[in-house]
*Asks:* 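Have a look at this one before I ask anything.
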Amino acid sequence: MTKAKPRWTREAVWALGVRIDVPTAGAILAGLGRDESYRAVKRGKFPVPVIRVGRRLVVPTQPILDLLGLDTPEMAAAQPP
């Protein structure tokens with residue numbers, strides 16, 4: 001039985017915090033799996049910045065929001081209805 005892919009809504013992306021791991025970022029941006037996400041980083045083809053912190057790779061969520069055209073919750077609340 002295959003595991004269902006999560007549906008990445010604006011609220012779900014906002015709830016992730018300021019940084020996420022590479023597989024999660026790959027899934028949000030392009031529906032990529034874990035291995036393909038890391039291969040894209042290695043090839044320099046990942047669409048947003050990836051930061052090495054020690055041995056870990058992290059992805060800031062703001063470039064993902066920007067690329068997808070999603071405002072932050074604060075920006076969305078400030079806009080008139």
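Index from 1, following the sequence. Quantities reported herein were computed from a predicted structural model and do not represent experimental measurements.
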*Asks:* How many angstroms lie between CZ in Phe46 and CG in Leu29, if you round to the nearest 0.5 Å?
*Replies:*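 Rounded to the nearest 0.5 Å, the CZ-CG separation comes to 5.5 Å.
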*Asks:* Would you call Asp21 and Val59 a side-chain contact if the rule is heavy atoms closer than 4.5 Å?
*Replies:*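 In short, these two side chains do not touch, never coming nearer than 4.5 Å.
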*Asks:* Give me the one residue out of Leu65, Leu67, Thr61 that meets side-chain contact (heavy atoms from CB on, under 4.5 Å) with Val48.
*Replies:*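 Considering Leu65, Leu67, Thr61, a side-chain contact (heavy atoms from CB on, under 4.5 Å) with Val48 is found only for Leu67.
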*Asks:* Are Val58 and Val22 connected, step by step, through hydrophobic side chains (Ile, Leu, Val, Met, Phe, Trp, Tyr) whose heavy atoms are closer than 4.5 Å?
*Replies:*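 Different clusters: Val58 never reaches Val22 through Ile, Leu, Val, Met, Phe, Trp or Tyr contacts under 4.5 Å.
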*Asks:* Would you check if Pro60 and Val18 make a side-chain contact, meaning some heavy-atom pair closer than 4.5 Å?
*Replies:*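 When only atoms from C-beta onward are counted, Val18 and Pro60 do not touch, as no gap falls below 4.5 Å.
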*Asks:* Do the side chains of Ile28 and Ile20 get nearer than 4.5 Å, heavy atoms only?
*Replies:*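 They are in side-chain contact.
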*Asks:* I'd like to know whether CZ of Arg34 has more than 12 heavy-atom contacts from other residues, nucleotides or ligands below 6.0 angstrom.
*Replies:*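 Atom CZ in Arg34 is not packed in, count stays at 12 or less.
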*Asks:* Search all heavy atoms of Gly26 against all heavy atoms of Ser37 and return the closest pair with its distance.
*Replies:*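 Closest pair (atom of Gly26, atom of Ser37, distance): CA-OG, 3.4 Å.
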*Asks:* Calculate, to the nearest 0.5 Å, the distance between atoms CH2 and CG belonging to Trp8 and Leu68 respectively.
*Replies:*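 Reported to 0.5 Å precision, the distance equals 11.5 Å.
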*Asks:* Can you tell me how far the CG atom of Leu32 sits from the OG1 atom of Thr24, to the nearest 0.5 Å?
*Replies:*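 Leu32 CG to Thr24 OG1: 12.0 Å, rounded to 0.5 Å.
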*Asks:* Are more than 12 heavy atoms, taken from residues, nucleotides or ligands other than Arg56, located less than 6.0 Å from that residue's CZ atom?
*Replies:*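 Open.
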*Asks:* Could you give the distance from CZ (Arg10) to CG (Leu70), rounded to the nearest 0.5 Å?
*Replies:*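 Interatomic distance, Arg10 CZ to Leu70 CG, rounded to 0.5 Å: 5.0 Å.
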*Asks:* Does the distance from a Lys or Arg side-chain N to an Asp or Glu carboxylate O, for Lys45 and Glu36, drop under 4.0 Å?
*Replies:*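 Looking at Lys45 and Glu36, the cut-off is not met.
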